[in-house]
Amino acid sequence: QVQLLESGGGLVQAGGSLRLSCAASERPLANYNMAWFRQAPSKEREFVAASWRGDFTYYADSVKGRFTISRDYARNTAYLQMNSLKPEDTADYYCAAAGAWAAGRSYSSAPSYDYWGQGTPVTVTV
């Protein structure tokens, strides 16, 4: 059972930046496909970014060019660097992981992931 612990959320003005962290309990991180999802009030959870099969990264159109997903294998931690934040980025952000057995699944689909963090809130003000 992989445990994921997110941190780094907070309150930021539009145009600002935040970096979210996701620390994984199981090593090595390279064995897992990682992703970030978000859920705004009264909305469904949506895909944000994925680091899939090690070298491939994918982004939702709404964050492309502004957000970057990365991993630090030494720290066993995944990150989501968020720049040029907009009020519509306000949501709870969740880290998710899927094992190597998930290779045939869709990286942007929440049911593809086996493990989830508890979420960290991000609020972007005008």
Q) Taking the six-membered ring where the residue is Trp, are the ring centres of F56 and Y107 under 6.0 Å apart? A)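 Between Y107 and F56, which both carry aromatic rings, the centre distance is not below 6.0 Å.
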Q) Which pair of non-hydrogen atoms, one from S106 and one from S112, has the smallest distance, and what is that distance? A)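 Scanning both residues, the minimum pair turns out to be O-OG, 2.6 Å.
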Q: For Y32 and E26, work out which heavy atoms get closest and say how close.
A: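 Shortest heavy-atom separation between Y32 and E26 comes out as OH-CB, 3.9 Å.
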Q) Shared ILVMFWY cluster between Y93 and F47, side chains joined below 4.5 angstrom? A)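 In one cluster: no.
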Q.
Keeping S51 on the side-chain end and M34 on the backbone end, is there a donor-acceptor pair under 3.5 Å?
A.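 Such a contact is absent between S51 side chain and M34 backbone.
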Q: For the residue pair I69 and Y59, establish whether any side-chain heavy-atom pair is separated by less than 4.5 Å.
A: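 When only atoms from C-beta onward are counted, Y59 and I69 do touch, with a gap below 4.5 Å.
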Q.
Could you check whether atom CD of Q13 has more than 12 heavy atoms from other residues, nucleotides or ligands sitting under 6.0 Å from it?
A.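 Atom CD in Q13 is not packed in, count stays at 12 or less.
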**Q.** Atom of A91, atom of A40 and distance for their closest heavy-atom approach
**A.**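 Minimum heavy-atom contact is CB-N, 3.8 Å.
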**Q.** Shortest non-hydrogen separation from P87 to V126 and the atoms involved
**A.**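 Result for this residue pair: CG-CG1, 3.6 Å.
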For residues 114-122, which side-chain donor-acceptor pairs fall under 3.5 Å, sequence neighbours excluded?
{"from": "D114", "atom 1": "OD1", "to": "R105", "atom 2": "NH1", "distance (Å)": "3.1"}
{"from": "D114", "atom 1": "OD2", "to": "W101", "atom 2": "NE1", "distance (Å)": "3.1"}
{"from": "D114", "atom 1": "OD2", "to": "R105", "atom 2": "NH1", "distance (Å)": "3.4"}
{"from": "Q118", "atom 1": "NE2", "to": "E6", "atom 2": "O", "distance (Å)": "3.4"}
{"from": "Q118", "atom 1": "NE2", "to": "E6", "atom 2": "OE1", "distance (Å)": "3.4"}
{"from": "T120", "atom 1": "OG1", "to": "G9", "atom 2": "N", "distance (Å)": "3.2"}

**Q.** Straight-line distance of T57 OG1 to W52 CH2, nearest 0.5 Å
**A.**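 Answer for the OG1-CH2 pair, T57 versus W52, is 13.5 Å.
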(Q) Would you compute the distance between atom CE of M82 and atom OG1 of T68 and round it to the nearest 0.5 angstrom? (A)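 The distance works out to 11.0 Å.
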(Q) Return the CD to CD distance between E46 and Q39, rounded to the nearest 0.5 Å. (A)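 The CD atom of E46 sits 9.5 Å away from the CD atom of Q39.
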Q: Return the minimal non-hydrogen interatomic distance between L4 and C95, and the atom names on each side.
A: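 L4 and C95 have their closest heavy atoms at CD1-O, 3.7 Å.
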**Q.** Side chain proximity check, R38 to V63, heavy atoms < 4.5 angstrom
**A.**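 Yes. Closest side-chain heavy atoms under 4.5 Å.
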**Q.** Face-on cation placement of R45 at F37 ring, 6.0 Å and 45° thresholds
**A.**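 Output no; distance or angle outside limits.
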Q: To the nearest 0.5 angstrom, please state how far the CG atom of L85 sits from the OG1 atom of T123.
A: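 So the gap between those two atoms works out to 11.0 Å.
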Q | Closest non-hydrogen atom pair between W36 and A78, with its separation | A |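 Looks like CZ2-O, 4.1 Å.
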Q.
One thing to verify: whether K86 and D89 come together as a salt bridge, which I'm taking to mean a side-chain N less than 4.0 angstrom from a carboxylate O.
A.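 So D89 does not pair with K86 through a salt bridge.
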(Q) Hydrophobic clustering (ILVMFWY, side-chain heavy atoms < 4.5 Å, transitive) - are Y73 and L20 grouped together? (A)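 Different hydrophobic clusters.
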Q) Is the side chain of N76 donor-acceptor paired with the backbone N or O of L29 at a distance under 3.5 Å, no angle test? A)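 Confirmed, N76 side chain pairs with L29 backbone.
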(Q) Is there a continuous path of hydrophobic side-chain contacts, each under 4.5 Å between heavy atoms, that joins Y94 to Y79? (A)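 The answer is no; the residues belong to distinct hydrophobic clusters.
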